[in-house]
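Both counts, for ligands and for their atoms, begin at 1 and track the order of listing.
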Amino acid sequence: MLMASEARFRQLADSMPHIVWTADAEGQIDHFNDRWYEFTGHSRDSQTLPTWESILHPDDVSRSRETWAEGVESGAPHSIEYRLWDGRWHRWRWFMGRAVAIRDGADRIVKWFGTCTDIDDRKQMEEDLLRVNQDLEQFAFSASHDLQEPLRTVKVYSELLAQRYGDGFDEDARQCVQYLQSGASRMETLLRDLLTYTQLMKLDMPTETADANEALQAALANLAGAIAQSGGTIDSGPLPSVRVHGTHLQQLFQNLIGNAIKYRRPERVPSITVRAERENGQWVFAVSDNGIGIAPEYKETVFVIFKRLHGSDQYSGSGIGLAICQRIVERYRGRIWVESEPGLGSTFRWTLPA
Ligand code: ADP
């Protein structure tokens with residue numbers, strides 16, 4: 001009976017497109033299907049079974065050993081990604097290895113059953129994407145960094161021009177210099193924000209928590225001038241400590257509160273609230289304002305880099321602030337979104353792990 005079911009299993013395993021193997025309760029491999037022999041180039045007739053490690057990439061050996069040993073010890077199903085040597089094409093290929101324990105009526109493990117699924121195309125694509133992203137990031141960083149120097153020259157000399165010769169200028173010339181200066185200032189903001197955006201990912205994941213109350217106070221200190229000028233008020237509830245870089249938290253508050261002040265209605269004094277609530281194992285932060293609001297069709301596009309809903313003659317800015325916020329939040333696997341009533345105000349919410 002056992003022999004017959006074993007033979008049936010082997011037949012089934014040989015018909016599968018995946019590499020399939022079995023091991024005894026102690027974890028010793030006792031069978032590989034046909035795909036394994038085709039892939040490795042080993043012969044089934046050989047006296048000894050080829051070892052797993054003989055075709056495992058050296059960099060993946062210790063990780064695989066640990067996962068396998070832990071799995072055999074705990075009896076829990078487990079999976080791991082590793083590279084195996086393709087004996088047909090003489091190259092490494094990425095696989096997803098999975099193993100599950102088969103138990104008898106008394107819940108004792110009698111066998112291990114495993115599969116290896118070829119994920120090489122997906123892995124290759126992920127690596128290409130990562131490389132392209134890194135190149136783009138490096139390009140954006142170098143461009144925004146190196147463009148600051150010539151921009152400084154434009155700024156300094158347009159100021160000198162106005163100071164030294166401004167008295168002799170007619171209205172037309174004065175206007176030209178003014179355009180030059182405001183263009184240079186806008187470019188300065190743009191480059192500064194772009195540089196911040198490209199620098200965000202440089203920090204490793206934090207090992208300690210940061211107090212959101214402190215981050216908020218630091219943001220408010222930097223915005224003190226704009227807040228005082230607007231006559232606005234900020235009402236904040238108690239905020240938690242979260243495992244996020246303090247500078248990232250501060251950037252979030254600064255961009256969102258800065259926007260809440262900037263996009264106010266001229267006839268209304270800004271009233272801003274900052275809150276955090278715990279929900280389903282995470283913190284949901286919220287910054288609400290009573291400003292101009294955002295039309296429903298722009299609720300997602302406002303987070304796109306360089307996307308602005310107004311010209312710089314109406315409101316100054318680079319269109320990078322919300323993209324920075326989104327990048328920070330997503331880095332910690334959170335989500336950011338906006339709810340708004342045009343004309344009444346907006347609430348930006350974001351989640352962070354508790
Ligand atoms: P910037 O403020 O530099 O233009 P952001 O990325 O911070 O760039 O914001 C993108 C756009 O979203 C802004 O141009 C503005 O139109 C809109 N926006 C952002 N915050 C608010 C807000 N609190 N109220 C209304 N509109 C906002």
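Using cut-offs of 30° and 60° for the angle between ring planes, the F348 and F303 rings count as perpendicular.
Annotation for ligand 1: atoms under 4.0 Å from non-hydrogen atoms of S346 are 24 (N). Close approach of ligand 1 to H310 (heavy-atom distance below 4.0 Å) involves ligand atoms 16 (O). Each of the atoms 1 (P), 2 (O), 3 (O) of ligand 1 lies under 4.0 Å from some heavy atom of K262.
D30 and T22 are linked by a side-chain donor-acceptor pair at a separation below 3.5 angstrom, with hydrogens and angles left out of the test.
From the protein, the heavy atom lying nearest to atom 12 (O) of ligand 1 is V302 CG1, 3.3 Å. Protein heavy atom closest to atom 4 (O) of ligand 1, with residue, atom name and distance, is R308 NE, 2.5 Å. If you check which protein heavy atom lies closest to atom 23 (N) of ligand 1, you get D289 OD2, 2.9 Å. Considering only non-hydrogen protein atoms, atom 7 (O) of ligand 1 sits nearest to N259 ND2, 2.8 Å. At the top of the distance list for atom 2 (O) of ligand 1, counting protein heavy atoms only, stands Y263 OH, 2.7 Å. For atom 6 (O) of ligand 1, the nearest non-hydrogen atom of the protein is L322 N, 2.8 Å. Atom 11 (C) of ligand 1 has its closest protein heavy atom at K307 O, 3.9 Å. The shortest contact between atom 8 (O) of ligand 1 and any protein heavy atom is with G319 CA, 3.1 Å.
Under the 4.0 Å criterion applied to side-chain N and carboxylate O atoms, R122 and E126 are assigned as salt-bridge partners. Taking a cutoff of 4.0 Å between a charged side-chain nitrogen and a carboxylate oxygen, D14 and R44 qualify as a salt bridge. With respect to the salt-bridge test (charged N to carboxylate O, under 4.0 angstrom), the residues R63 and D60 qualify. For D118 and R93, the salt-bridge test passes: some basic side-chain N is under 4.0 Å from an acidic carboxylate O. Taking a cutoff of 4.0 Å between a charged side-chain nitrogen and a carboxylate oxygen, R335 and E300 do not qualify as a salt bridge.
Not a single heavy atom of G291 lies less than 4.0 angstrom from ligand 1.
Only side-chain heavy atoms of F348 come within less than 4.0 Å of ligand 1; its backbone N, CA, C and O stay farther off. By the criterion of a heavy-atom distance under 4.0 Å, neither the backbone nor the side chain of N255 is placed next to ligand 1. The side chain of I294, and not its backbone, has at least one atom closer than 4.0 Å to an atom of ligand 1 (non-hydrogen atoms only; side chain from C-beta on).
Remark: Y298 OH is loosely packed, at most 12 non-hydrogen atoms of other residues, nucleotides or ligands lying under 6.0 Å away. Within 6.0 Å of CZ in R88 there are more than 12 heavy atoms belonging to other residues, nucleotides or ligands.
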